[in-house]
Amino acid sequence: MVIPALCYHRIGGPLELGVTRVGRSVFERQMRALAGTGWRSLTLTQFADRVQRGVGVSGNEFLLTFDDGYASLADVAYPLLADLGFTATTFLITDFVGKTNAWDARYTWRRLPHLSWEQVERWRARGFDFASHTATHARLTWLNDARAQDELGRSRRTLVERLGEAVGQGVAYPFGAADARVVGLARQAGYGLGFGGVRGDHGDPLLLPRVPTYVWDAGDIPFGLRDDGLGALGRFVAHVANRCAVGTSLLKTV
């Protein structure tokens, strides 16, 4: 078993019709509980090193990640994490850095802003990591090879040009959707780490499991870090929710 990876999306801000928003107070309570019980968050490089060396679960290390790169992270999440001595990796939709979430179905009354490159650079200088969530958040398994290659390659090139070669190592597949073909294209694009859904493939560094924290995951310790029956149930529900996210992809096509 690889070291667990948690995935959050949006922290606080306006309510939405979807399930990815986690309340600010819930997030703060969870992070303080993890810090208080001895958990330690890893940088993406530290996590990659452990994957490459085959280091399994240590009991108190985890990878904390955010998908999409909403601007509210710089106001709400990052300062709290810095105060607690935590770091995190944010997977950016590179065509929408500094813009609003027009790539998504409209789950809120107004479109939501994404982090700017200036904010990314500022927090990267403080020890936070950034990586790829593709160029436009398209479901890669629905694209032909040429379009999937463009999503993966263009995003990586943008990150490397903006932030340097080290930032091009990781990709989180939108909706956790990846198969052998997509993994092969990610490898060709130059990625060394890839994150799929809840189950992933523990033996392939380009299809690693990651557990999303959704609105109902409101306990002190997120389901992705629990080793009891409740944690197993929570991971199963998250897996089902990931599969149901196909609705978002369909809404974007109509």
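Hydrogens, waters and symmetry mates play no part in the numbers below; they use all other heavy atoms, side chains included. Only a predicted model underlies this, so the values are computations on that prediction, with no experimental measurement involved.
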Do any N or O atoms from the side chain of [X] and from the backbone of [Y] form a donor-acceptor pair under 3.5 angstrom?
X: Arg111; Y: Asp104; value: yes
X: Asn144; Y: Ala146; value: yes
X: Thr65; Y: Leu6; value: yes
X: Ser155; Y: Glu151; value: no
X: Asp95; Y: Thr136; value: no
X: Gln30; Y: Asp217; value: yes
X: Arg10; Y: Gly12; value: yes
X: His239; Y: Gly197; value: no

Exercise. Can you list the steps and then say if His9 with Phe66 is a ring pair (Phe, Tyr, Trp, His ring centres under 6.0 Å)?
Worked result: CA-CA 5 Å; His9 292 79; Phe66 297 97; 9.3 Å; no
For this session: Determine, for Arg187 against Asp204, whether the closest basic-nitrogen to carboxylate-oxygen distance falls under 4.0 angstrom.
Result: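 Counted as a salt bridge, because a side-chain N and a carboxylate O are separated by less than 4.0 Å.
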Exercise. Between Glu28 and Arg32, does at least one N-O distance fall below 4.0 Å, as a salt bridge requires?
Worked result: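 Yes.
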Problem set entry | Contact check, side chains of Leu193 and Phe47, non-hydrogen atoms, under 4.5 Å |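 Touching, per the 4.5 Å side-chain cut-off.
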Problem set entry | Arg53, CZ: over 12 other non-hydrogen atoms inside 6.0 angstrom |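 Count over threshold, so yes.
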